[in-house]
Amino acid sequence: MIYMARPQMGDEEKAAVIAVLESGQLAQGSVVSEFEQGFADYCGVRYGIATTNGTTALHVALLAHEIGQGDEVITVPFTFIASANSILYVGAKPVFVDIDPDSFNIDVDQIESAITPRTKAIMPVDLYGNPAEMSRIREIAARHGLAIIEDAAQAHGAEENGKRMGSWGTGCFSFYPTKNITTGEGGMVTTSDDCIADRARLLRAHGMRVRYYHEMLGYNFRMTNIHAAIGLAQLPKLEAFNERRIANAAYLSEQLPKDKVKVPTVRPGTRHVFHQYTVRVLPPLDRDKVREQLAARGVGTEVYYPVPVHRQQLYLDLGYGYQSFPESERAAREVVSLPVHPGLTQQDLETIVEAVEAL
Ligand SMILES: Cc1ncc(COP(=O)(O)O)c(C=O)c1O
C-alpha cells in the first residue's frame, strides 16, 4: 500500500534523541530553545514559542492576544476542527466565512461583511500547505484594527511573494507526524512581537517567569527536549522535503487525467508546499467508490475533511445550516487527497497515476 504519510526519520533524529536521553535533561530546556530559534529564523520571525501540539499553539496565540468571552474570530468552516475549537477554548465565538473554490482557503472577498464591533482577529488557514491570500488579509486586518492569528499548521515553508507563512501576524504550526516536518507531537507559535512572545511563553508554562512565582493563569503546554531534538534534526531537511513534495505534486498535476479529477491550482507569486495533494473527484465518478478502487490498486487516500466544522455536532448551536457555506459543503463532498509525501518513489507516483486513469 502507498500510504498517505510516512515520517522521514534518519540516523540524525535517532542520534539526537539518544543524546537528549543521555543528557538527563528531558523536559523543556536548551534543545527546545535551539529548535525555537531555528524555526523562527526559518519562518523569518524573531520568536518561536514551542508547545505540545498545534492545537495548544492556537490556544496560546489567542490567549496571548487577550481574546476571550464576547469576542469574535473570523475563520473558515473547511478546516481541521482544532482551528475553530481553539476559539471556543478561550470563550470567544468562531464566525465562519466560506472558502474560495480554487484555493480551498478563506474567500477574502467575504471577510469584511463578517466583521462586527466584536471581531478581534482573523484566523486564516493555509489549507493543504497552500498559502491563504495573506497580503490582502493583512490589509483588511490593518484597516479594521484586527489581529492575524494564522493557522499555518499545514504550511511550513509556504510563501506569498517570498514571505513565509507564520510571519504575517502570529503564526501557529503543528509538528504532528504527517506534517512536512515532525517532532512526534509538537507545535510552535511564531511572532516578531515582543509582547505576544512574552505572553505566549508565560501562558505555555503556568504563567511562570521566575521559578514558582506565577503572574497569570497559564498551562502546561511545554514541549520536551526529546521532541525538540527530533525537530532540530528535521529542520535542516525541511527544504528538501518541501521540494520533493512540490516535485511530486507537479508530476501528479501533469499526469493525472483531467476528465476524472480537478488538480490543485497554485496561485501566482506563491509557494504551495503540498502538505496534502488534494483533487476534486469529477462527476459522474463517486468519491467513495473512487477511494475503494484506488485502495484496491494499493493507493491510500484520505478525505480532509468530510464534514465542515459548522455542521459538527459541537457547532450546531451556532445556527449555521447546510446552505450557509456552499463552497465548503461542495469541497467536503468532492475532495480526496492522494499520497504526495517525500518518501514516494517514481514507481509509486506512476502507480497513483495509473490507478486514477483506471477509474
Ligand atoms: C489546519 C490545522 N490546524 C490545527 C491543527 C492542530 O495541530 P495538532 O494536531 O498538532 O494539535 C492541525 C493538525 O492536524 C491542522 O491541520
Side-chain angles (χ1 to χ4, degrees), residues 4-5 7 32 35-36 39 48-63 73-90 94 96-97 99 103-106 121-132 134 137 148-158 165-166 168-190 200 203-204 219-224 227-228 230-231 234 245 272-278 302-310 312 314-315 328 331-332 335 337 340-341:
M4 281 299 292
V32 172
F35 180 47
E36 289 176 331
F39 193 69
I49 299 93
T51 60
T52 44
N53 54 58
T55 308
T56 50
L58 287 164
H59 190 171
V60 159
L62 287 159
L63 290 173
V73 178
I74 292 173
T75 191
V76 282
F78 190 61
T79 179
F80 182 56
I81 192 100
S83 318
N85 277 1
S86 67
I87 300 167
L88 294 185
Y89 296 155
V90 302
F96 295 120
V97 165
I99 57 164
S103 65
F104 299 108
N105 283 329
I106 194 162
I122 305 172
M123 181 189 284
V125 181
D126 307 307
L127 202 70
Y128 308 140
N130 188 21
M134 295 310 297
I137 292 169
I148 294 177
I149 298 175
E150 184 188 358
D151 184 343
Q154 304 187 355
H156 319 64
M165 295 303 110
W168 295 82
T170 300
C172 301
F173 289 86
S174 164
F175 301 112
Y176 188 74
T178 54
K179 298 298 193 286
N180 292 25
I181 55 168
T182 183
T183 58
E185 291 264 14
M188 185 91 74
V189 177
T190 53
L203 284 159
R204 64 115 186 245
Y219 301 80
N220 180 356
F221 289 160
R222 295 184 306 257
M223 181 182 275
T224 71
H227 294 88
I230 302 172
Q234 290 260 289
R245 285 175 180 274
H272 183 327
V273 289
F274 288 99
H275 168 58
Q276 298 297 345
Y277 183 86
T278 304
E302 191 51 86
V303 173
Y304 305 104
Y305 297 92
V307 182
V309 178
H310 65 283
Q312 301 282 352
L314 173 63
Y315 286 84
S328 295
V335 296
S337 299
V340 73
H341 62 78

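Order of listing sets the numbers, starting from 1, for every ligand and every atom in it. The residues of the chain are indexed from 1 along the displayed sequence.
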Which residue owns the protein heavy atom closest to atom 13 (C) of ligand 1, what's the atom, and how far is it? Lys179 NZ, 3.0 Å

Can you report which non-hydrogen protein atom sits closest to atom 16 (O) of ligand 1, along with the distance? Gln154 NE2, 2.8 Å

Considering heavy atoms of the protein only, find what lies nearest to atom 5 (C) of ligand 1 and give residue, atom and distance to 0.1 Å. Phe80 CD2, 3.6 Å

Distance filter under 4.0 Å to Gly54 heavy atoms, resulting ligand 1 atoms: 6 (C), 7 (O), 8 (P), 10 (O), 11 (O)

Counting heavy atoms not belonging to Tyr304, are there more than 12 under 6.0 Å from its OH? yes

Given 3.5 Å as the limit, does a donor-acceptor pair link the side chain of Glu150 with the main chain of Gly169, or not? no

Trace of the side chain to side chain contact (heavy atoms under 4.5 Å, CB included) decision for Phe39 with Phe175: CA-CA 11 Å; Phe39 193 69; Phe175 301 112; 4.0 Å; yes

Arg204 meets the salt bridge (Lys or Arg N to Asp or Glu O under 4.0 Å) criterion, sequence neighbours left out, with Glu36

By number and element, which atoms of ligand 1 are closer than 4.0 Å to a non-hydrogen atom of Asn53? 10 (O), 11 (O)

Which atoms of ligand 1 have any heavy atom of Ala82 under 4.0 Å away? 4 (C), 5 (C), 6 (C)

The protein heavy atom nearest to atom 1 (C) of ligand 1 is Asp151 OD2, 3.5 Å

Is it the side chain (CB and beyond), the backbone, both or neither of Thr79 that lies under 4.0 Å from ligand 1, heavy atoms counted? side chain

For Thr52, give me all partners under side chain to side chain donor-acceptor pair (under 3.5 Å), at least two apart in sequence or on another chain. Thr56

Considering only heavy atoms, which of Gly187, Ser174, Gly186, Cys172 lies nearest to atom 9 (O) of ligand 1? Ser174

Determine whether a donor-acceptor pair (N or O, by modelled atom type, separation under 3.5 Å) exists between the side chain of Asn180 and the backbone of Gln154. no

Looking only at heavy atoms, which two atoms of Asn85 and Tyr315 are closest? And how far apart? OD1-OH, 2.5 Å

Region of Thr55 engaging ligand 1 - heavy atom pairs below 4.0 Å: both

Counting distance only, does the side-chain N/O of Thr75 pair as donor-acceptor with the main-chain N or O of Met123 below 3.5 Å? yes

What protein heavy atom sits nearest atom 15 (C) of ligand 1, and how far off is it? Ala153 CB, 3.5 Å

